[in-house]
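Proteins come first, then strands; the chains are lettered A, B, ... in the order of their sequence lines, and each starts at number 1.
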Protein chains: 2
Amino acid sequence: MKQKNLRPFGQQREYTTFDTEPMFSKATEYAIRAVIFIAQKSNSETKVSLQEIAAAIDSPEFFTAKILQKLSGKNVLITSSRGRTGGFFMTDAAKKRPVMSVLEVMGEDELFNKCVLGLDKCSELKPCPMHHQYKTVKKNLIALFERKTIAQLAAEVNAGNSFISSES
Amino acid sequence: MKQKNLRPFGQQREYTTFDTEPMFSKATEYAIRAVIFIAQKSNSETKVSLQEIAAAIDSPEFFTAKILQKLSGKNVLITSSRGRTGGFFMTDAAKKRPVMSVLEVMGEDELFNKCVLGLDKCSELKPCPMHHQYKTVKKNLIALFERKTIAQLAAEVNAGNSFISSES
DNA sequence: TATTATTCAGACAAACTTGTCCGTTTATAT
DNA sequence: ATATAAACGGACAAGTTTGTCTGAATAATA
Ligand code: FES
Ligand code: FES
């Protein structure tokens, strides 16, 4: 039995963790789910609060706040209003935007420009050995996020066909 | 090796970084490129050293060492030998394995089981609103990494049609 | 045998992402 | 006016990934 020495904080690690990565960052996952919920429950008259959002999508509240601030940045996706009856809402125009626009605000659309093997640039002139096969799949991925609108996803959730929280 | 924006310590940062994530972790990217190089340059008689590998794929040497240790773990992908004329090599059988086997060793094949919106489980019974569209793309991705063998990628690089380093 | 060149193993350091907190601002309601 | 309830914004804490270093083990060579 090898001795494991204590660390100041953090749990014991095997060192070689190399934990698996999801497609998007947590922030982006929360962002998409939040936007779907806001599209579902709000309009120019009816707003939803941070607490409602975090509860609905089962996300850490204060972290979600940061993300919502970012999403409301250019007021093109979600709009926020302060004060006692404040909250977040989306206009009908915003709801019609593609999911890709969320990825863009989160800066995660760069994923689709990157080399899958980590070369500095993904290019036709100096491709990695996965490039040609990968670009077809990548094209499908992009098309998927370009095609699907936030409103479409919200409608699916509304109909009870799909979910944006793991809870119950 | 491109130097990465060294900072004094925790100072200047926009806070809301939310930097874009690639498909795989750096560790996995290096792993795939390393394995391709080893397949290309080694056999049971000829070995390649850590230094050669890191130089060829333009990766941080000591970090690459960790990854190679992991890859040689079960001696099924790459084999290592110590001592003065030591190094790493792959058998012909190993070279015929799919790229997916690298992802498996790196623990990154879990990517393909995860919900794209971060729900606890990706399931048909309680799917997220992207699930049905996404699973088709996911299937293509899996097929891609299952189908392509390490030897095939190495052959492409050998023929000069593709590259595993950004340098020169 | 001594030297040298390699991988191995663990600790450590740096950078980044995720998550929490708290005081401030803003607008409404009492 | 005052209290209340919401978003805002900055600092900070916790956790993970990435990268570095050093000494030990190993095996060939001089
Ligand atoms: S160069 Fe690697 S994916 Fe295009
Ligand atoms: S449930 Fe989200 S991808 Fe399957």
Side-chain angles (χ1 to χ4, degrees), chain A residues 2-22 24-31 38 47-54 59-73 75 78-89 106-108 118, chain B residues 1-22 24-31 47-54 59-73 75 78-89 106-108 118:
Chain A
K2 282 170 194 154
Q3 157 185 347
K4 296 181 174 180
N5 59 4
L6 295 187
R7 288 166 181 269
F9 41 67
Q11 62 202 22
Q12 299 298 332
R13 276 191 309 170
E14 285 291 313
Y15 178 70
T16 36
T17 300
F18 297 144
D19 224 355
T20 167
E21 281 189 306
F24 298 121
S25 65
K26 273 295 173 199
T28 297
E29 289 174 355
Y30 295 147
I38 298 168
K47 295 161 219 158
V48 289
S49 72
L50 168 62
Q51 288 195 357
E52 293 175 274
I53 296 167
S59 66
E61 183 174 326
F62 293 111
F63 189 41
T64 307
K66 293 290 178 216
I67 296 163
L68 293 176
Q69 280 175 44
K70 183 155 192 167
L71 288 174
S72 64
N75 268 9
I78 72 176
T79 315
S80 70
S81 73
R82 282 155 69 133
R84 178 155 182 168
T85 59
F88 300 89
F89 70 94
M106 299 303 290
E108 202 127 19
Chain B
M1 185 62 194
K2 107 199 107 181
Q3 199 65 337
K4 252 192 145 177
N5 191 17
L6 297 197
R7 290 175 212 252
F9 200 58
Q11 262 105 331
Q12 74 250 21
R13 214 171 55 175
E14 284 292 314
Y15 179 68
T16 36
T17 301
F18 296 143
D19 223 356
T20 165
E21 280 190 306
F24 299 122
S25 64
K26 272 298 174 198
T28 298
E29 290 175 354
Y30 295 147
K47 296 160 217 161
V48 288
S49 72
L50 168 62
Q51 288 195 358
E52 292 176 274
I53 295 168
S59 66
E61 182 172 327
F62 294 114
F63 189 42
T64 307
K66 292 291 179 217
I67 296 163
L68 293 176
Q69 281 175 43
K70 183 156 192 168
L71 289 174
S72 64
N75 268 9
I78 73 177
T79 315
S80 70
S81 73
R82 281 155 73 133
R84 178 153 183 173
T85 59
F88 300 90
F89 69 95
M106 300 303 291
E108 202 127 16

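Of the candidate nucleotides C/dT6, C/dT18, D/dA7, C/dT6 has the atom lying nearest to any side-chain atom of B/Ser49. Among the nucleotides D/dC8, C/dC8, C/dA11, the one closest to any side-chain atom of B/Lys66 is C/dA11. Checking D/dA7, C/dT18, C/dC8 against every side-chain atom of A/Phe88, the shortest atom distance belongs to D/dA7.
Atom CD of A/Glu61 is surrounded by more than 12 heavy atoms from other residues, nucleotides or ligands within 6.0 Å.
Between A/Tyr30 and the phosphate of C/dG19, there is a side-chain N or O to OP1/OP2 separation shorter than 4.0 Å. Distances shown here put a side-chain N or O of B/Ser80 below 4.0 Å from the OP1 or OP2 atom of C/dC8.
The residue among A/Pro60 and B/Gly87 whose nearest nucleotide of DNA chain C lies closer to the 5′ end is B/Gly87.
D/dA7 atom C1' lies 12 Å from atom CD of A/Gln51, rounded to whole Å. When the C1' atom of D/dT20 is taken as reference, atom CD of B/Glu61 falls 11 Å away, rounded to whole Å. If you measure from atom CD of A/Gln69 to atom P of D/dC8, you get 6 Å, rounded to the nearest angstrom. Atom NZ of A/Lys70 is separated from atom P of D/dG9 by 14 Å (rounded to the nearest Å). Following rounding to the nearest Å, B/Glu52 (CD) and C/dA5 (P) show an atom-to-atom distance of 14 Å. Atom CD1 in A/Ile53 sits about 12 Å away from atom P in D/dA6, given to the nearest Å. Note: NZ (A/Lys47) to C1' (C/dA27) measures 9 Å, nearest angstrom. Atoms CG (B/Leu68) and P (D/dG19) sit 14 Å apart, rounded to a whole Å.
When side chains are defined from C-beta on, A/Thr79 does not count as touching A/Lys47, because their heavy atoms never get closer than 4.5 Å. Using a 4.5 Å cut-off on side-chain heavy atoms (C-beta onward), A/Phe62 and A/Lys66 make no contact. Within the 4.5 Å cutoff, side-chain heavy atoms of A/Leu68 are placed close to those of A/Ile38.
Every side chain to side chain donor-acceptor pair (under 3.5 Å) that B/Ser49 has, sequence neighbours left out, goes to B/Glu52. For the side chain to side chain donor-acceptor pair (under 3.5 Å) test, residues two or more places apart in sequence or in another chain that qualify with A/Ser59 are A/Thr64.
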- [ ] Heavy atoms under 4.0 Å is the rule here; annotate nucleotides 22-30 of chain D 5' to 3' with B where the base is hit, S where only the sugar-phosphate is, and - elsewhere.
- [x] B--BBBBS-
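To the nearest 0.5 Å, atom CD1 of residue A/Ile53 and atom CD1 of residue A/Ile78 are 6.5 Å apart.
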